[in-house]
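See structure below.
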Amino acid sequence: MIDNKIEELFNIIKESIEYKDYIEIKSKLEKDEYINNLIKEIKKLQQEATKLEYNEDIRYIEIDNKIQEKVDILNSNILYQEYLKKMKILNNILSKSSKIIENYVNDKI
């Protein structure tokens, strides 16, 4: 019974405009080669900077600056901004749903 209600809740979320908007923008983002390459570059630089910092090599500071430049470029991209906005909206819905379930369980216990 509880499983059915939880499944029903997630089906409602999956049918929501917010979820559909998120999936649509996520799909566009995944197809954008420029953004994906930029994200890969940032991740690679982050790994390199972490390794250098762990080894107490101050060159990590230079790499951190490169990372920040690339993050600024990424954050200025309209498609990426829209993705972040849609993701935040969906995360808020999921968070509220989770809180409602948590409160319900706490009230029953």
Side-chain angles (χ1 to χ4, degrees):
M1 180 178 152
I2 293 174
D3 289 344
N4 291 341
K5 293 297 182 183
I6 292 173
E7 186 70 32
E8 186 178 324
L9 173 62
F10 283 109
N11 285 336
I12 290 169
I13 291 170
K14 284 171 46 177
E15 292 300 317
S16 71
I17 292 170
E18 294 84 359
Y19 179 80
K20 290 177 181 178
D21 286 349
Y22 169 76
I23 294 300
E24 181 181 337
I25 196 76
K26 182 182 175 199
S27 177
K28 288 179 184 177
L29 191 71
E30 289 171 345
K31 293 175 185 172
D32 190 305
E33 196 173 316
Y34 174 75
I35 292 175
N36 283 296
N37 287 334
L38 191 54
I39 291 170
K40 287 176 188 175
E41 282 181 58
I42 291 168
K43 288 179 180 181
K44 183 181 175 186
L45 289 169
Q46 286 171 332
Q47 289 174 345
E48 188 178 339
T50 300
K51 184 178 176 182
L52 290 171
E53 186 174 13
Y54 177 79
N55 291 318
E56 299 178 1
D57 186 332
I58 63 167
R59 289 181 295 167
Y60 79 89
I61 295 170
E62 182 181 322
I63 294 174
D64 280 347
N65 291 333
K66 288 180 186 177
I67 292 168
Q68 189 57 53
E69 288 173 14
K70 293 190 181 295
V71 167
D72 290 344
I73 293 168
L74 180 62
N75 286 332
S76 70
N77 183 283
I78 294 171
L79 180 61
Y80 188 74
Q81 289 174 1
E82 188 67 19
Y83 167 76
L84 292 177
K85 179 181 168 188
K86 301 292 184 185
M87 183 174 63
K88 182 177 180 181
I89 291 168
L90 182 60
N91 282 338
N92 286 339
I93 290 170
L94 294 173
S95 178
K96 287 177 186 176
S97 299
S98 177
K99 191 67 175 170
I100 289 169
I101 293 169
E102 180 183 344
N103 289 341
Y104 177 80
V105 169
N106 288 335
D107 286 348
K108 294 299 176 181
I109 295 177

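D57 pairs by the side chain to side chain donor-acceptor pair (under 3.5 Å) definition with R59, not counting sequence neighbours. Shown here are the ring pair (Phe, Tyr, Trp, His ring centres under 6.0 Å) partners of Y19, two or more places apart in sequence or in another chain: there are none. Take Q68 and apply the side chain to side chain donor-acceptor pair (under 3.5 Å) test, not counting sequence neighbours, and it matches D72.
L29 and I23 fall within a single hydrophobic cluster, where Ile, Leu, Val, Met, Phe, Trp and Tyr are joined by side-chain heavy atoms under 4.5 Å apart, directly or via other members. Each of I100 and I6 belongs to its own hydrophobic cluster when Ile, Leu, Val, Met, Phe, Trp and Tyr are linked at side-chain heavy-atom distances under 4.5 angstrom. If you chain together hydrophobic residues whose side chains sit under 4.5 Å apart, V105 and L9 fall into the same group. In the hydrophobic clustering of this structure, I25 groups with M87; members are Ile, Leu, Val, Met, Phe, Trp, Tyr whose side-chain heavy atoms approach within less than 4.5 Å, directly or through other members. Hydrophobic clustering of Ile, Leu, Val, Met, Phe, Trp and Tyr side chains at less than 4.5 Å, counting indirect connections, keeps Y22 apart from I78.
Here E69 contributes atom CD and N65 contributes atom CG; the two are 7.0 Å apart, rounded to the nearest 0.5 Å. One distance of note links CD1 of I58 with CD of E53; it measures 12.0 Å at 0.5 Å rounding. Once rounded to the nearest 0.5 Å, the distance linking NZ of K99 with CG of N92 reads 14.0 Å. In this structure, OH on Y83 lies 10.5 Å from CG on L79, to the nearest 0.5 angstrom. With values rounded to the nearest 0.5 angstrom, I73 atom CD1 is found 6.0 Å from L38 atom CG. A distance of 11.0 Å separates CG in D32 from CD in E30, rounded to the nearest 0.5 Å.
Residues I13 and L90 are in side-chain contact: their nearest non-hydrogen atoms beyond the backbone lie under 4.5 Å apart. Using a 4.5 Å cut-off on side-chain heavy atoms (C-beta onward), K88 and L84 make no contact.
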Take E82 and K86, measure what salt bridge (Lys or Arg N to Asp or Glu O under 4.0 Å) needs, and give me the verdict at the end. CA-CA 6 Å; E82 188 67 19; K86 301 292 184 185; 3.5 Å; yes
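When every heavy atom of I39 is checked against every heavy atom of Y80, the shortest pair comes out as CD1-CE1, 4.4 Å. Nearest heavy atom pair, residue L45 against residue K66, reads CD1-CB, 4.2 Å.
Side chain of T50 to backbone of Q46: a donor-acceptor contact under 3.5 angstrom is found. For S95 (side chain) and N91 (main-chain N/O), no donor-acceptor pair under 3.5 Å exists by modelled atom type.
In Q81, the CD atom is crowded: over 12 heavy atoms of neighbouring residues, nucleotides or ligands sit closer than 6.0 Å. For E102, the CD atom counts as densely surrounded, since its 6.0 Å shell holds more than 12 non-hydrogen atoms of other residues, nucleotides or ligands.
Using a 4.0 Å cut-off between charged side-chain N and carboxylate O, E24 and K20 make no salt bridge.
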